2 protein chains.
Amino acid sequence: MVGIKNNQSIPSCEECHATDHMIFKDLTPEQLDNVNYDKGCSFYKRGNIIFQEGHRINGFYCVHSGIVKMYKTGIDGKEQIIRFAKKGDIIGYRSVLSNELACTTSRVIEDATLCYIQGDTLITLIKENPAFAMQLMQLTCKELGEANNYITDIAQKTVRERLAEILLLLKDTFDLDENQVLQISLTREELANMVGTATESVIRLLSEFKQDKLIELQGRKIKILNLPGLKKIANF
Amino acid sequence: MVGIKNNQSIPSCEECHATDHMIFKDLTPEQLDNVNYDKGCSFYKRGNIIFQEGHRINGFYCVHSGIVKMYKTGIDGKEQIIRFAKKGDIIGYRSVLSNELACTTSRVIEDATLCYIQGDTLITLIKENPAFAMQLMQLTCKELGEANNYITDIAQKTVRERLAEILLLLKDTFDLDENQVLQISLTREELANMVGTATESVIRLLSEFKQDKLIELQGRKIKILNLPGLKKIANF
DNA sequence: ATCATAAACTGATAAATGTCAGTTTTTAGT
DNA sequence: ACTAAAAACTGACATTTATCAGTTTATGAT
C-alpha cells in the first residue's frame with residue numbers, strides 16, 4: 001500500500017531512507033510504507049521548539065531536513081547541549097521507550113521539516129521486527145557509549161581541550177565545505193553550551209586558536225586551517 | 001528443564017530474580033531456566049578486573065553479589081567512574097548489543113560473584129521475547145537519560161555541588177545502615193573519580209561538610225547527618 | 001596484633017576559568 | 001538597504017580548583 005497522504009508537502013520516507021544511518025533501514029517495504037502513511041509532517045522555522053523537557057510526548061520525530069539541537073536546562077536556565085539531530089536522525093524515542101517525560105528540549109537551529117510518528121507504531125515495529133529492534137538498541141547503545149565518553153571528557157579535560165574536541169565533533173557531524181568551513185552556524189553561546197563553559201571563555205579561546213593559525217573566523221563561520229593541530233590539543 | 005549445573009557453588013537465577021530491578025523478570029520460566037543452565041559463575045576478590053576497556057567481550061555478566069565499579073581511563077590514566085553494579089545488575093551488555101569493544105573497565109570493589117552469559121543467549125532472548133527486548137531497551141534508555149543528566153551536572157555545577165550530589169546518589173544506590181552510615185566504602189580517590197576532580201579537593205570539601213555538620217567521617221565511613229542540607233548544596 | 005604500604009591529610013602556590021561591566025560588531029527581520 | 005536587537009568582544013578582577021611536596025594516619029594482608 002502506498003500512502004495516499006504522500007504529496008509535495010509530505011516528503012516520503014524514501015528520501016530519508018537513502019541516508020546511511022537511517023534507523024528504518026531494516027523495515028520491510030510494507031512496514032516502511034505503513035510508517036510513511038501514518039506519519040505527520042511539519043515545517044519548523046529556526047528557533048521553534050519541537051518538544052520541551054519535562055513534557056510528555058506520545059510519539060517521536062524523524063528529521064527530514066534541517067538541524068535540531070537537543071539540550072537540558074541546568075542551573076540558572078543555562079543550556080547544556082547534549083546532541084544535534086540532522087536528516088535521518090530520530091529524536092524523542094527515548095521518552096517513548098522508557099515511558100518517561102522528555103529529558104531534553106529540542107529546538108530548531110536550521111529551518112527543518114520533521115515527521116511525527118506515533119509511539120504505538122514504534123512499539124509495534126519492535127515486536128514485529130527483531131532486526132529493527134536490534135537496530136534501535138544499537139543506536140541507543142551507541143548514544144550511551146558516546147555519553148560515557150563525553151562524561152569522561154568534561155570531567156578530565158580542560159576547557160581548551162574540550163573546545164578543540166567540539167570543533168572536531170562538529171566537523172565530523174556536519175562536514176566542511178570546499179573552503180574547509182564548518183557547515184553549521186552556532187553562536188558562541190551555543191558553543192559554550194556544548195563545551196560546558198562561559199561564553200567569554202569560548203570567545204577568548206577561539207581567538208587564541210585563530211592566533212595560533214589553527215582556525216580562521218568570519219562571524220559565525222569557522223574555517224579549519226590545521227586539523228592535526230586541533231587533534232593534538234584535544235588529545236586525539 | 002532444571003539445570004543440572006545448579007549446586008551450592010553456582011547460585012540459581014531465582015535468587016537474583018527477587019531483586020526488583022532484575023532485567024530477567026519478563027522471561028518465561030523456561031527461558032529463565034535456559035539462562036540459568038547456560039551460565040557460568042565465578043567469584044572475584046576485591047580489586048579483580050572482570051573485563052577491560054578496549055577488549056572484546058562475547059557475553060555479559062550479571063552481578064549475583066558484591067559491588068563492581070565501571071570506569072573509563074582518561075588522561076594520564078585517571079579513572080572516571082561511570083557507574084556501579086550491584087546484585088541483579090548486568091554489565092557488558094552494551095558491548096554485546098552494539099558489537100563494539102568494551103568502553104569501560106569493570107573492577108570489583110566488594111568481593112563479588114558474577115554469572116557470565118553468552119552474547120548469543122541475549123540475542124536469542126531479544127528475538128524470542130519482545131517484552132524482554134522492551135525491558136532491555138528501557139534499561140538502556142534509563143541509563144542514557146542518567147548519563148545526560150550527569151553531563152549537565154558536570155558541565156554546570158561546581159565541585160562542591162557535585163560532591164554533595166554524589167553522596168546523595170550513593171545513599172540512594174547503596175542505602176544507609178541504622179546509624180545513617182553509607183553502606184559502601186570508597187577511597188577519597190574513588191570519590192574524586194566519580195565527581196571528576198582532584199583527590200585533595202574531595203578531602204578538603206568533605207572536611208568542610210563535616211565542619212558544617214552535614215556529615216561525620218570515620219575513616220572511609222561516611223555518616224549522613226543533614227540530608228536536606230546536602231540536597232540544598234547539590235541543588236535538589 | 002603487627003607492620004609495611006597505601007591512603008588521608010595539610011599548607012602553600014599556581015593556573016584556569018568565571019564574572020561583571022562596558023564597547024563594538026554582526027545578525028536577522030522589515 | 002536599514003535598523004533595532006542580539007551577539008561578539010575586551011579588560012579587570014575574583015574565585016575556584018589543581019598541583020606539589022611533605023606529614024600523619026588508616027588499612028589490610030600476614
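None of the values given here were measured: they were computed from a predicted structure. Each chain gets a letter, A, B and so on, in the order its sequence line appears, and its residues count up from 1.
- Remark: A/Gly219, A/Arg220 in residues 209-226 of chain A come within less than 4.0 Å of DNA chain C through at least one heavy atom.
- Distance CG (A/Leu205) to C1' (D/dT10): 14 Å, rounded to an integer number of Å.
- The listed nucleotides are C/dT10, C/dG18, D/dA8; the one nearest the side chain of A/Thr197 is C/dG18.
- The residue among A/Thr158 and A/Glu200 whose nearest nucleotide of DNA chain C is located toward the 5' end is A/Thr158.
- The distance from atom CZ of B/Arg188 to atom C1' of D/dA26 is 10 Å, rounded to the nearest whole Å.
- We find that CD1 of B/Ile75 is positioned 11 Å from P of D/dT19, with the value rounded to whole Å.
- Each of D/dA8, C/dA12, C/dT19 was ranked by its minimum atom distance to the side chain of A/Arg204; first place goes to C/dT19.
- Put simply, the side chain of B/Arg46 and the base of D/dT27 share no donor and acceptor less than 3.5 Å apart.
- Among the candidates B/Asn148, B/Asp153, B/Thr152, B/Asn149, the single residue satisfying the side-chain hydrogen bond (donor to acceptor under 3.5 Å, both in side chains) test with A/Lys72 is B/Asn149.
- When heavy atoms are screened at a 4.0 angstrom cut-off, B/Glu189 is found touching the sugar-phosphate backbone but no base atom.
- What separates CG of A/Leu206 from P of D/dA8 is a distance of 10 Å, to the nearest Å.
- Rounded to whole angstrom, the span from the CD atom of A/Glu208 across to the C1' atom of D/dC9 amounts to 14 Å.
- Distance CD1 (A/Ile203) to C1' (C/dG18): 13 Å, rounded to an integer number of Å.
- Contacts of B/Thr199 with the nucleic acid, taken as non-hydrogen atoms under 4.0 Å apart, are absent.
- A/Asp212 and A/Lys232 are not joined by a salt bridge, as no carboxylate oxygen comes within less than 4.0 angstrom of a charged side-chain nitrogen.
- Here the side chains of B/Ile23 and B/Phe60 are not in contact, with every heavy-atom distance at 4.5 Å or above.
- Note: NZ (A/Lys78) to P (C/dG18) measures 8 Å, nearest angstrom.
- Taken from CG in A/Leu225 to CG in A/Leu230, the straight-line distance is 9.0 Å, to the nearest 0.5 Å.
- Residue-to-nucleotide proximity on DNA chain D shows that, of B/Ser185 and B/Arg162, the 5′-proximal contact is made by B/Arg162.
- Rounding to the nearest 0.5 Å gives a distance of 8.5 Å between CD1 of A/Ile233 and CG of A/Asn226.
- Exactly one residue among B/Arg107, B/Lys69, B/Arg220, B/Lys78 makes a salt bridge (Lys or Arg N to Asp or Glu O under 4.0 Å) with B/Glu190. That residue is B/Lys69.
- Between A/Glu200 and A/Arg204, no side-chain nitrogen of the basic residue sits less than 4.0 Å from a carboxylate oxygen of the acidic one, so the salt-bridge criterion is not met.
- One atom, CG of A/Leu163, and another, P of C/dG18, lie 12 Å apart when rounded to the nearest Å.
- Of the candidate nucleotides D/dC9, D/dA18, C/dT17, C/dT17 has the atom lying nearest to any side-chain atom of A/Ser201.
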